[in-house]
Number of protein chains: 2
Amino acid sequence: MSANNPAEGKKMPAFQSVINHLRDQIRSGELQNHAALPSERTIGEQFGISRMTARRALLAIEMEGLAYSAGRRGRFVSPQRLTYDISKTVSLSALAGKEELGLTIKVVSKQMIAADAALSAKLTIAEGEALYKYTRVFLLKSHPAFIEEEYAIARVFPNLFDHNLQQSTTVLMEQVYNMPPHSGDITIRMRALNEKEAGLLSLPTYHAGIELEQVIYGSDGKPFCFGRQIWRGELAEFSAHAIVTG
Amino acid sequence: MSANNPAEGKKMPAFQSVINHLRDQIRSGELQNHAALPSERTIGEQFGISRMTARRALLAIEMEGLAYSAGRRGRFVSPQRLTYDISKTVSLSALAGKEELGLTIKVVSKQMIAADAALSAKLTIAEGEALYKYTRVFLLKSHPAFIEEEYAIARVFPNLFDHNLQQSTTVLMEQVYNMPPHSGDITIRMRALNEKEAGLLSLPTYHAGIELEQVIYGSDGKPFCFGRQIWRGELAEFSAHAIVTG
DNA sequence: CCAATAAACTGGTATATACCAAATAAAAAC
DNA sequence: GTTTTTATTTGGTATATACCAGTTTATTGG
């Protein structure tokens, strides 16, 4: 009846029993949302394993989405995954509306740049045309959820930076500039985070995350904004309703 | 000018230079598609670092999607990511058509089961109703790309298992049973693989992957099939064109 | 009471070593 | 030449240890 039951066949790795134990504690509610997990060293002592093996288990728990790391502050229980409906909202207005999520937006940088080859192709504009570029980090209950880099055509949104960027820019574009989003091309992929991204999300470098790229089109069918979000993969899921056309 | 240039500010971790070196070799084409990467031990000797540090670098290269592990056979250069358009195809017919991908399908298991609470809710049928369940692994050039578990309502597809499952089941359902897919609800999330899934995809346990769940609806608006795909995250990206409705 | 300092604790990186089991390559037997 | 056996290589797991640099807590000084 032990965690390493020989009757069950192959022997279980040592880190596996730590994973099972922590998973049970989190699922049962013994460890509640945003509660601190035991440290690597503590787990090592409790289970009679080395710190590196305990670390192995904790990284697995992170990947399962049950906990998140906050750098040298420790690891904490993850809140529930939130669902992001890409067929209803190409923007974040849906998130911003829900007060219980505790959404705050931190502006990391804002600047003006000239469109390079890739951006001019995505936005169907001339290479070199002026763009607003701004990077923001979205936090849920002061816990970083994703980074967003957006590129907006300067010609379409004069004096964009005079407005507050700590809100949904889609709402801003719609209400101030009368450019409501009509449709969007979205691409979702899993990839490793680079050093900068990992820092902003307080994750170890080369941790996996989800990248969501979107080109937003206006009612005239022309793209006016390109955005790239880098999500902590354990925090979100993306849903869509698709009609089969091909 | 060394890889660890003190003039650049903070010192670079040792595994970082290994990552940069391998990335350059892969991007430049020095290491071609499906070519074997040096082993953990070899890299350790070449760079004068321990095997565990070399391993650390190789796992990062895997997460970047530049290489894939094939268990104890070694690590190999990843082919290019393929794009899966969820708004055009809720099925795999698009993949099956392309001969250059080298798609082969391995049937892992097929059985009949009774719908549990979760499945009956997804398929809007009575709990306990008979379902076909089959699991398949899809390989691209004999390299596992994703697992698919599908549940089809037995009443709708009599004698489904008399047909060959090494083909697109959507085509089968359409041509043999006259049930073409009309639309689908799709959910995409990143999550850790369990032991069984990792084995089928020849990845280490608790590696991150992408899960794609879809409920397929017929022309009558009723769901007839529920499927779950587990992708090697580095291998695919998912695209969609969304119309803003909300 | 408050601010400065010191100690304790955290995760991140790194090493050297060890054993296992699966996969492959090489050698031996037929 | 083909099969069987053996040796080598591979990644996966595991330990014990060490140092570093941020974070937090406790202590000390004013």
Side-chain angles (χ1 to χ4, degrees), chain A residues 3-4 6 9-19 22 35-63 67-76 142-143 192-193 195 198-207, chain B residues 3-4 6 9-19 22 35-63 67-76 142-144 192-195 198-207:
Chain A
N4 227 329
K10 309 161 196 170
K11 70 179 172 202
M12 187 191 285
F15 67 84
Q16 184 69 57
S17 47
V18 180
I19 293 174
L22 288 173
L37 265 64
S39 74
E40 299 176 354
R41 287 172 177 84
T42 306
I43 290 177
E45 286 168 20
Q46 282 180 350
F47 285 80
I49 58 177
S50 78
R51 185 192 147 199
M52 290 311 285
T53 307
R55 180 184 175 76
R56 170 84 170 77
L58 282 164
L59 292 176
I61 284 291
E62 273 187 65
M63 287 226 261
Y68 62 93
S69 153
R72 293 186 166 84
R73 240 161 296 134
R75 290 186 177 86
F76 303 88
S142 69
H143 161 220
L193 307 178
E195 225 170 325
L200 287 172
L201 294 177
S202 60
L203 283 172
T205 321
Y206 293 100
H207 198 92
Chain B
N4 226 332
K10 310 161 196 172
K11 70 179 170 201
M12 185 192 288
F15 67 85
Q16 185 68 59
S17 47
V18 180
I19 294 175
L22 288 173
L37 266 65
S39 74
E40 299 176 354
R41 288 170 176 85
T42 306
I43 290 177
E45 287 169 20
Q46 281 180 351
F47 284 80
I49 58 178
S50 77
R51 186 192 146 196
M52 292 310 286
T53 307
R55 179 183 176 78
R56 169 85 173 75
L58 282 164
L59 291 177
I61 284 290
E62 272 187 65
M63 288 224 263
Y68 63 93
S69 152
R72 293 186 166 83
R73 239 162 295 134
R75 290 186 176 84
F76 303 87
S142 68
H143 161 222
L193 307 179
N194 63 34
E195 225 171 323
L200 287 172
L201 293 177
S202 60
L203 283 172
T205 319
Y206 293 99
H207 197 94

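Labels below follow one simple rule: chain letters A, B, ... track the order of the sequence lines, proteins then strands, and each chain is numbered from 1.
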Specify the separation, in whole Å, of atom [atom1] of [X] and atom [atom2] of [N].
X	N	atom1	atom2	value
B/Leu59	D/dG12	CG	C1'	10 Å
A/Arg75	D/dG22	CZ	P	18 Å
A/Arg72	D/dT23	CZ	P	8 Å

Review point. What does B/Ile49 touch in the nucleic acid at a heavy-atom separation under 4.0 angstrom: a base, only the sugar-phosphate, or nothing?
Key: sugar-phosphate

Exercise for review: Please work out if B/Arg56 contacts a base, only the sugar-phosphate, or nothing of the nucleic acid, heavy-atom cut-off 4.0 Å.
Suggested key: sugar-phosphate

Check your understanding: Under a criterion of less than 4.0 angstrom to any heavy atom of chain A, what are the 5'-terminal and 3'-terminal contacting nucleotides of DNA chain C?
Key -> C/dT10 to C/dA14

Check your understanding: Can B/Glu62 and A/Tyr206 be said to form a side-chain hydrogen bond (donor to acceptor under 3.5 Å, both in side chains), step by step?
Key -> CA-CA 10 Å; B/Glu62 272 187 65; A/Tyr206 293 100; over 6 Å; no

Point to revise | Along DNA chain D (nearest heavy atom to each residue), the more 5'-positioned of A/Arg73 and A/Gly48 | key: A/Gly48

Point to revise | Along DNA chain D (nearest heavy atom to each residue), the more 5'-positioned of A/Arg41 and A/Phe15 | key: A/Phe15

Check your understanding: Is there a side-chain contact between B/Arg56 and B/Ile19, using heavy atoms and a 4.5 Å cut-off?
Key -> no

Practice item. Check whether any side-chain heavy atom of B/Leu58 lies under 4.5 Å from a side-chain heavy atom of B/Leu22, and answer yes or no. Key: yes

Revision key, fill the gap. Correct closest heavy-atom pair for B/Pro144 and B/Ser202 would be CG-OG, 3.7 Å

Review point. At their closest point, which heavy atom of A/Ile49 faces which heavy atom of A/Ala54, and how far apart are they?
Key: CD1-N, 3.8 Å

Point to revise | Pairwise salt bridge (charged side-chain N to carboxylate O under 4.0 Å, His left out) hits with a residue in residues 41-51 of chain B, at least two apart | key: B/Glu40-B/Arg51

Check your understanding: On DNA chain C, nearest-nucleotide positions of A/Gly74 versus A/Met52: which is more 5'?
Key -> A/Gly74

